[in-house]
Amino acid sequence: MPQTAAILLKDLRFGWRKNLPEVLHIADLEVLRGERIFIGGASGSGKSTLLALLAGVNLPTRGEVTVLGETINRLSGARRDHFRSDHIGFVFQLFNLIPYLSVLENVTLPCRFSQLRKQKATESSGDLHAEAMRLLTHLDMAHESLIHRPVTELSVGQQQRVATARALIGAPEIIIADEPTSALDSDMRQAFLRLLFQECDESGSTLLFVSHDRQLASLFERHIALDELNQADREGL
């Protein structure tokens, strides 16, 4: 695998059951380190399934998923979990925030599971609290009236911003964002994207940004249309 590659897919195939048609078949895909990639596609096209494969949450039926030089589908479940904690920041479409934790506790949560991200966050701002507050400030969420609230008391848009700060803390090498702007208004969407690009630029992180909003595609270095990349639909014809 070339040193400059962050992600490399080879003959990736995935189906939910053996007797059902494949959902994904991607012959070849390479994403370079530091690239900003927009992945577009209609609902049900397999975007979230692809992200789960890249993160090692699901395993391919066939083929290889190589991330940062590690073929993750060959790792045990525990090693995949550890690898994901250290190297991948994920903005989930449904946020996956911990309801009984505060805003601040949710943001710093990845650093409980990854010493690597804890070390990088501490080096960046001096301690975890300061780094979390730095990220939340960029997202207009650093108010004392907000940071100690349980996330269940926040609006959907506020929860989305908390999920974003959580993904960015500790500067993981890969940021995966699944429909991250769907609950943001126009002004907050611009602030969000500025922060996302700035943090990725400063840390050299690779950004995979999935959205059905094709108007955002022009902001990215490369646009991948999943329905054109995925051969499974064509093979099923």
Side-chain angles (χ1 to χ4, degrees), residues 36-39 43 47-52 54-58 81 84-114 117-118 120-121 124-125 128-143 145-200 202-203 205-213 216 219-220:
R36 298 177 188 170
I37 306 291
F38 181 95
I39 302 176
S43 297
K47 301 188 301 298
S48 295
T49 302
L50 174 60
L51 298 186
L54 295 177
V57 176
N58 292 335
D81 290 344
R84 183 167 55 250
S85 297
D86 276 348
H87 302 292
I88 300 176
F90 215 121
V91 185
F92 296 92
Q93 188 171 358
L94 299 178
F95 315 144
N96 289 13
L97 299 173
I98 307 301
Y100 54 83
L101 296 182
S102 70
V103 167
L104 203 57
E105 289 167 335
N106 266 283
V107 173
T108 59
L109 186 62
C111 298
R112 295 188 187 183
F113 300 101
S114 171
R117 289 176 70 175
K118 181 178 180 180
K120 290 196 288 186
S124 176
S125 294
L128 288 183
H129 180 276
E131 178 63 1
M133 291 298 288
R134 184 185 71 82
L135 293 169
L136 289 168
T137 297
H138 283 295
L139 291 166
D140 194 27
M141 287 290 295
H143 311 291
S145 60
L146 287 176
I147 61 173
H148 299 298
R149 282 191 197 175
V151 291
T152 51
E153 297 181 5
L154 303 180
S155 70
V156 172
Q158 288 173 326
Q159 290 183 39
Q160 197 158 38
R161 285 178 266 168
V162 173
T164 301
R166 181 184 61 183
L168 291 171
I169 199 166
E173 290 96 324
I174 295 174
I175 302 293
I176 295 176
D178 188 3
E179 299 282 2
T181 59
S182 59
L184 303 180
D185 61 30
S186 179
D187 290 342
M188 186 49 63
R189 186 181 300 119
Q190 294 301 316
F192 167 84
L193 290 171
R194 283 196 301 270
L195 172 65
L196 197 59
F197 291 164
Q198 175 184 326
E199 292 296 318
C200 288
E202 290 180 359
S203 63
S205 299
T206 302
L207 174 61
L208 299 178
F209 186 102
V210 169
S211 177
H212 66 275
D213 186 354
L216 300 175
L219 302 174
F220 291 79

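Atom set for the values below is all heavy atoms of this structure, side chains included, hydrogens, waters and symmetry mates excluded.
- No side-chain heavy atom of Ile174 sits less than 4.5 Å from a side-chain heavy atom of His87.
- Glu153 contributes no side-chain N or O that, together with a main-chain N or O of Pro150, makes up a donor-acceptor pair within less than 3.5 Å.
- Arg161 approaches Asp140 most closely through the heavy-atom pair NH1-O, 3.7 Å.
- Distance check, rounded to the nearest 0.5 Å: CE of Met133 to OG of Ser125 gives 11.0 Å.
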Kindly indicate, with the supporting measurements, whether the criterion side chain to side chain contact (heavy atoms under 4.5 Å, CB included) is fulfilled by Gln160 and Val156.
CA-CA 6 Å; Gln160 197 158 38; Val156 172; 5.5 Å; no

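- Leu219 approaches Arg36 most closely through the heavy-atom pair O-NH1, 4.2 Å.
- By the 30° and 60° cut-offs, the orientation of the rings of Phe209 relative to Phe38 is parallel.
- Looking at every heavy atom in both residues, Thr137 comes nearest to Ala142 through OG1-CB, 3.3 Å.
- Considering CG of Leu136 and CD of Gln158, their distance stands at 11.0 Å, rounded to 0.5 Å.
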Test side chain to side chain contact (heavy atoms under 4.5 Å, CB included) on Asp178 and Phe92 and set out the steps.
CA-CA 5 Å; Asp178 188 3; Phe92 296 92; 5.9 Å; no

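- In terms of heavy atoms, Asn96 sits closest to Arg166 at O-NH1, 2.9 Å.
- Interatomic distance, OG1 of Thr164 versus CZ of Phe192, reported as 4.0 Å (0.5 Å rounding).
- Across all their heavy atoms, Ile175 and Ser205 have their closest contact at CG1-CB, 4.3 Å.
- For the atom pair CG of Leu216 and CZ of Arg189, the computed distance is 6.5 Å after rounding to the nearest 0.5 Å.
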Show the numbers, then the answer: is there a side chain to side chain contact (heavy atoms under 4.5 Å, CB included) between Thr108 and Ile169?
CA-CA 7 Å; Thr108 59; Ile169 199 166; 4.2 Å; yes

Walk me through it: do Phe95 and Val162 pass the test side chain to side chain contact (heavy atoms under 4.5 Å, CB included)?
CA-CA 9 Å; Phe95 315 144; Val162 173; over 6 Å; no

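- Applying the salt bridge (charged side-chain N to carboxylate O under 4.0 Å, His left out) test to Asp81 and every residue at least two apart in sequence or in another chain returns Arg84.
- A distance of 7.0 Å separates OG1 in Thr49 from CG in Asn58, rounded to the nearest 0.5 Å.
- Contacts classified as salt bridge (Lys or Arg N to Asp or Glu O under 4.0 Å) and involving residues 89-114 (residues at least two apart or in different chains) are not found.
- Counting heavy atoms from C-beta outward, Arg117 and Ser85 have side chains that stay 4.5 Å or more apart.
- Between Leu135 and Ala165, the shortest heavy-atom distance links the atoms CD1-O, 3.6 Å.
- In terms of the salt bridge (charged side-chain N to carboxylate O under 4.0 Å, His left out) criterion, residue partners of Arg134 (sequence neighbours excluded) are, by chain and number, Glu131, Glu199.
- Distance check: Asn106 CG to Leu97 CG gives 5.0 Å after rounding to the nearest 0.5 Å.
- At distances below 3.5 Å, not a single donor-acceptor pair connects side-chain atoms of Lys47 with backbone N or O atoms of Val210.
- Looking only at side-chain heavy atoms (C-beta outward), Val107 and Met141 stay at 4.5 Å or farther from each other.
- Using a distance-only test at 3.5 Å, with no hydrogens or angles considered, no donor-acceptor pair links the side chain of Glu173 to the main chain of Thr206.
- For His143, the NE2 atom sits in a packed shell: over 12 heavy atoms of surrounding residues, nucleotides or ligands are nearer than 6.0 Å.
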